[in-house]
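We count ligands from 1, going down the list as the structure has it; atoms in each ligand are counted the same way. Just so it is clear, the model here is predicted, and its values are computed rather than measured.
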Amino acid sequence: MRSVKVYLDNAATTRPDPAVIAVMTETLEKTYGNPSSTHAFGIEARALIEKARKSIASLLHVSPAEIFFTSGGTEANNTALFCSVRDLGIKHIITSRIEHHAVLHTVEELAKNDGVEVSYVKLLPNGHVDLEDLEQLLATHEKTLVSLMHANNEISNILPLEKVAQLCEQYHAFFHSDTVQTMGHYPLHLQETKVDFVSCAGHKFHGPKGIGFLYINSKSRIRPFIFGGAQERNMRGGTENIYGIVGLAKAFELAHADMEIHHTHIQELKTYMIQQLRMHIPEVAFNGDAENKSLYTVLNVSLPETDMAEMLLFKLDIEGIAASGGSACSSGTSIGSHVLKAIQVNPQRPSVRFSFSKYNSIEDIDFCIEKLKEIYKSKVLA
Ligand SMILES: Cc1ncc(COP(=O)(O)O)c(C=O)c1O
């Protein structure tokens with residue numbers, strides 16, 4: 001049995017905070033009424049949901065009526081995209097080749113089945129969206145929805161959200177941003193940022209899986225994606241995941257309460273790892289804009305060519321280190337990452353995504369560097 005386990009796959013999912021587990025357990029035990037029931041049990045459950053919605057809305061500076069709980073980031077993205085085309089007269093979507101599959105595959109469906117025209121904005125060599133090309137696309141198309149993620153889950157690049165929102169406003173386009181990797185990690189002031197839809201998944205900031213929300217700007221009225229009962233003010237049928245909602249709100253509150261502390265701590269880990277890798281692994285490089293406009297929780301490392309590239313993640317796992325090759329959806333190797341392919345990363349070099357959380361320490365990074373040094377023994381600098 002291995003004794004040390006280091007979890008560096010926090011962009012895939014995070015460990016739930018004990019305080020989140022506590023409120024969820026309590027809710028599961030005590031508040032089992034159906035929130036749609038009119039008796040006291042139902043009213044108690046409804047009150048918890050509305051309290052959670054209010055708390056989330058106030059942290060984002062929006063109205064509670066603009067927060068709609070979903071089963072997570074995928075459903076939030078699907079809702080924004082499908083419903084915009086159906087209800088807002090969208091005929092053209094601008095997105096990028098490095099979006100999460102929850103956006104890319106949805107857009108492909110809309111192109112195939114609904115005749116939506118899709119433009120993939122050009123990317124700069126460092127993986128950032130080419131804003132000039134975006135403006136050009138906006139200027140030459142009407143009835144457009146822009147769907148661009150706030151931070152990329154594989155290469156960590158951050159989109160200038162304000163700037164893109166301004167461009168969308170200028171050209172009368174709707175704007176959806178997949179904020180799944182930044183929610184709970186950066187403050188968002190959605191009254192000031194002119195965005196129509198943003199998506200959130202609770203499990204990316206120490207909350208539960210299977211719960212998230214879609215913020216829908218009250219000016220951008222869409223109809224349901226999931227039809228059924230009158231839940232979520234007629235916007236999403238299905239009995240609410242009440243303990244998930246309560247856990248999500250708790251995680252969101254905790255994330256905001258200590259955001260600066262966690263930001264500083266995690267950024268230190270990332271910077272330290274970059275330094276250590278440069279010091280000990282020759283020819284190391286970083287995919288994306290790792291040291292500039294970059295999500296502090298993610299570091300995508302391009303390692304020297306080796307004949308056991310395919311085995312690298314497996315070897316790290318054997319040593320007790322959990323990391324990934326791309327998004328959690330890819331099979332564990334960097335081969336097949338549509339994001340790395342889109343930014344033309346050399347496929348001969350193995351890429352590993354390390355992603356950090358408040359639960360990681362400098363010792364975790366040291367341990368990981370030691371193991372990488374062992375794997376790259378022959379190439380390690382003296
Ligand atoms: C950027 C991004 N969007 C969407 C998702 C999907 O979220 P969920 O797993 O909650 O459906 C993820 C999670 O992997 C993600 O990283």
**Study point:** Close-contact set for ligand 1 against M149 heavy atoms, below 4.0 Å
**Key:** 1 (C)
Practice item. Quickly, which of M183, Q191, H189 forms a side-chain contact (heavy atoms from CB on, under 4.5 Å) with L60? Name it, please. Key: M183
Exercise for review: Answer with yes or no whether E75 contacts ligand 1, where contact means a heavy atom under 4.0 Å from a ligand atom.
Suggested key: no
Review point. Would you say K209 contacts ligand 1, with heavy atoms under 4.0 Å as the rule?
Key: no
Check your understanding: What residue among L148, D130, N152, V146 forms side-chain contact (heavy atoms from CB on, under 4.5 Å) with S96?
Key -> L148
Exercise for review: To the nearest 0.5 Å, tell me how far K371 NZ sits from E319 CD.
Suggested key: 4.0 Å
Check your understanding: With atoms numbered from 1 as shown, which atoms in ligand 1 lie under 4.0 angstrom from a non-hydrogen atom of K204?
Key -> 12 (C), 13 (C), 14 (O), 16 (O)
Point to revise | ligand 1 atoms in contact with H203 (distance to a heavy atom under 4.0 Å) | key: 8 (P), 9 (O), 10 (O)
Check your understanding: Hey, are S294 and D289 close enough side-chain-wise for a donor-acceptor pair under 3.5 Å?
Key -> no
Revision key, fill the gap. At under 4.0 Å between heavy atoms, what of D178 touches ligand 1? The answer is side chain
Review point. Which is closest to atom 10 (O) of ligand 1 by heavy-atom distance: G73, A12, C200, S71?
Key: G73
**Study point:** Audit row: E108, K112, salt bridge (Lys or Arg N to Asp or Glu O under 4.0 Å) steps and yes/no
**Key:** CA-CA 6 Å; E108 282 162 19; K112 201 164 72 188; over 6 Å; no
